[in-house]
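Values below: every heavy atom of this structure, side chains too, minus hydrogens, waters and symmetry copies. For clarity, every value in this text was computed on a predicted model and none was experimentally measured.
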Amino acid sequence: MELCPKKCIHMEIDAEGARFPVIREEQCISCQRCRKVCPSLNPPVFHRPAEAYAMWSEDPEVFSASASGGIGTELYRYALERHWYVAGVEMDQTFRAVFTVRKDRQALKAYRNSKYTFSHLDGAVGKIRELLNAGETVLFIGTGCQCAGIRNSTGDIRTGELYLVDLVCHGMPPERYLREHIEAVDRKMGKTAVRCSFRDPDFGTEQFVFSLFDRKGEKIYSRPVLSEDVYQVGYHKALIYRENCYACLYAGEDRCGDLTISDYKGIGTKAPCDFSHGKMSSVLVNTEKGKRLVEGLTEQRRVEAYSRPVEEPIEGDPQLQHPSFPHKKRALFLREYKKGKGFEQAAKKALRWERFLSISHARKIKAWLKRLLGI
């Protein structure tokens with residue numbers, strides 16, 4: 001869309017709430033540039049990971065506020081100290097997640113923590129091309145498909161230097177779902193949220209607590225993942241992703257980024273550990289550029305890094321083996337949503353058993369049984 005010389009591609013929203021590209025044929029000159037850069041039609045070169053690390057930030061503030069080990073923030077900080085540009089996702093007060101390209105330290109806070117919704121590359125592609133053409137260095141952190149799009153869209157540029165870090169991704173829900181969910185919560189609470197956190201640091205980011213905040217910064221809503229928050233349950237149960245996510249080209253062992261980072265799963269299954277840590281990042285080194293990034297982080301001693309067998313994080317994380325499998329009630333969810341029922345009602349209908357068997361309900365049932373039995 002951004003690279004089209006006639007600007008004849010625009011995005012529309014389908015019945016499932018997902019964006020898709022539409023070409024205005026009367027303006028198209030059949031230059032085929034869109035086909036050449038499309039990562040679905042032309043996947044980039046994939047790399048087999050050569051090294052693996054368990055890693056976390058030594059900075060307590062970064063570590064506590066980050067989704068896993070804080071390595072994304074440390075990579076951004078490393079880049080900014082070298083006067084590179086950094087590209088990442090920030091979320092505005094309308095809950096639109098969008099990539100920005102920045103060179104200021106405020107980006108560290110804006111980009112931090114997970115954002116479990118669709119994120120827009122609109123504007124970022126052109127900006128990154130402009131910077132590379134000017135001889136600048138850019139560090140981009142995004143999902144595998146986004147890294148693939150950036151690599152294809154900048155492949156004709158021979159100046160500047162681009163570092164790509166791909167995040168292990170379960171899938172992206174259409175952004176409309178998150179907005180509809182927050183609007184439903186606002187109505188229920190009688191308040192208006194302007195900020196959200198999918199892994200609220202106040203509860204420990206490893207707990208996946210979804211929180212909403214008003215304009216004063218006050219917390220107006222918090223729910224852990226295994227409770228009645230249908231968005232969180234729908235996300236983690238693979239109910240609400242875009243349809244293409246269930247056939248993702250990038251959910252596998254071979255990677256398109258210079259580095260791959262994620263929560264570390266499977267630690268200690270392939271080799272003994274002489275360390276113990278609550279949260280840590282898995283870092284897969286896929287290229288020589290990726291190796292330079294890791295060496296830069298470790299030389300500064302801002303991270304703890306332990307070399308691990310490459311197969312350990314790969315075999316420990318299903319998303320490094322195959323795409324997410326759709327929830328058994330996905331067809332029901334889509335059917336209800338397309339009827340105009342809205343996200344909240346469609347998700348509640350599809351997830352009624354998960355909600356009934358959630359931890360919060362289990363606690364209520366246990367308390368009820370105690371009262372009934374007088375114990």
Side-chain angles (χ1 to χ4, degrees), residues 17 61-68 70 72-73 88-98 100 106-120 170-237 239-241 263 279 333 336-337 341-352 354-365 367:
E61 191 273 331
V62 170
F63 179 79
S64 64
S66 298
S68 52
T73 298
V89 177
E90 50 188 295
M91 188 172 283
D92 64 21
Q93 292 189 352
T94 68
F95 305 103
R96 186 176 189 267
V98 61
T100 58
Q106 285 70 37
L108 297 177
K109 186 175 181 180
Y111 294 164
R112 189 178 296 160
N113 213 299
S114 301
K115 299 169 182 74
Y116 296 138
T117 185
F118 180 86
S119 50
H120 296 263
H170 290 252
M172 279 191 188
E175 64 178 322
R176 181 178 287 183
Y177 296 172
L178 179 62
R179 282 207 190 101
E180 290 184 22
H181 175 57
I182 292 174
E183 287 169 2
V185 173
D186 285 348
R187 289 193 296 271
K188 183 177 180 180
M189 304 296 293
K191 299 181 179 180
T192 301
V194 297
R195 183 171 70 86
C196 71
S197 174
F198 292 96
R199 298 172 72 163
D200 189 344
D202 288 347
F203 299 90
T205 55
E206 68 276 13
Q207 299 301 321
F208 296 90
V209 173
F210 179 67
S211 294
L212 294 171
F213 304 82
D214 64 16
R215 293 187 184 279
K216 296 179 180 179
E218 295 178 0
K219 194 175 298 184
I220 60 175
Y221 176 87
S222 289
R223 293 291 186 278
V225 63
L226 292 176
S227 76
E228 297 176 52
D229 187 89
V230 290
Y231 189 89
Q232 280 276 65
V233 177
Y235 179 87
H236 288 279
K237 296 288 187 178
L239 175 74
I240 63 173
Y241 307 148
D263 294 341
K279 295 190 305 181
F333 166 73
E336 292 296 303
Y337 189 78
K341 301 292 185 181
F343 173 79
E344 208 74 2
Q345 187 173 335
K348 284 179 178 178
K349 188 166 185 178
L351 294 168
R352 60 181 179 270
E354 279 86 350
R355 294 173 63 235
F356 180 74
L357 297 173
S358 68
I359 288 176
S360 61
H361 278 83
R363 286 173 178 162
K364 292 176 185 176
I365 293 168

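A side chain to side chain contact (heavy atoms under 4.5 Å, CB included) with Leu178 holds for exactly one of Lys115, Met91, Arg96; it is Met91.
Gln232 places a side-chain N or O within donor-acceptor distance of the main-chain N or O of Phe208, the cut-off being under 3.5 Å. Side-chain atoms of Arg195 do not come within 3.5 Å of backbone N or O of Gly217 as any donor-acceptor pair. With Lys279 contributing its side chain and Gly204 its backbone, the two residues share no donor-acceptor pair below 3.5 Å. Checking side-chain atoms of Thr205 against main-chain N and O of Ser66 turns up a donor-acceptor pair under 3.5 Å. A donor-acceptor pair under 3.5 Å links the side-chain atoms of Arg352 to the main chain of Lys349, judged by distance alone.
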Should Ser222 and Asp200 be marked as a side chain to side chain contact (heavy atoms under 4.5 Å, CB included) after you check the CA-CA gap, both sets of side-chain angles, and the distance that decides it?
-> CA-CA 8 Å; Ser222 289; Asp200 189 344; 4.2 Å; yes
List the steps and the verdict of side chain to side chain contact (heavy atoms under 4.5 Å, CB included) for Asp229 and His181.
-> CA-CA 9 Å; Asp229 187 89; His181 175 57; 2.8 Å; yes
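Classification of Glu61 and Arg112 as a salt-bridged pair holds, one side-chain N sitting under 4.0 Å from a carboxylate O.
A heavy-atom distance below 4.5 Å is not found between the side chains of Lys191 and Leu212. Between Asn113 and Pro201 the shortest side-chain heavy-atom distance falls below 4.5 Å.
The CZ atom of Phe343 sits 5.0 Å away from the CZ atom of Phe333 when rounded to the nearest 0.5 Å. Considering OG1 of Thr192 and CZ of Arg215, their distance stands at 7.5 Å, rounded to 0.5 Å. Here Ile182 contributes atom CD1 and Phe95 contributes atom CZ; the two are 4.0 Å apart, rounded to the nearest 0.5 Å. For the atom pair CG (Leu351) and OH (Tyr231), the distance works out to 13.0 Å, reported to the nearest 0.5 Å. Considering CD of Glu183 and NZ of Lys188, their distance stands at 16.0 Å, rounded to 0.5 Å. Taken to the nearest 0.5 Å, the OH atom of Tyr177 stands 14.5 Å off from the CE atom of Met172.
Side-chain rings of Phe213 and Tyr221 stay apart, their centers remaining 6.0 Å or farther from each other. Taking the six-membered ring for Trp, Tyr116 and His236 have ring centres closer than 6.0 Å.
Of all heavy-atom pairs spanning Asp202 and Lys219, the tightest one is OD2-NZ, 2.7 Å. Scanning both residues, Phe203 and Ser211, for their nearest heavy atoms gives CE1-OG, 4.1 Å.
Taking a 6.0 Å sphere around NZ of Lys109, one finds it holds 12 or fewer heavy atoms contributed by other residues, nucleotides or ligands.
Tyr111 and Thr100 share a donor-acceptor pair across their side chains, judged by distance under 3.5 Å alone.
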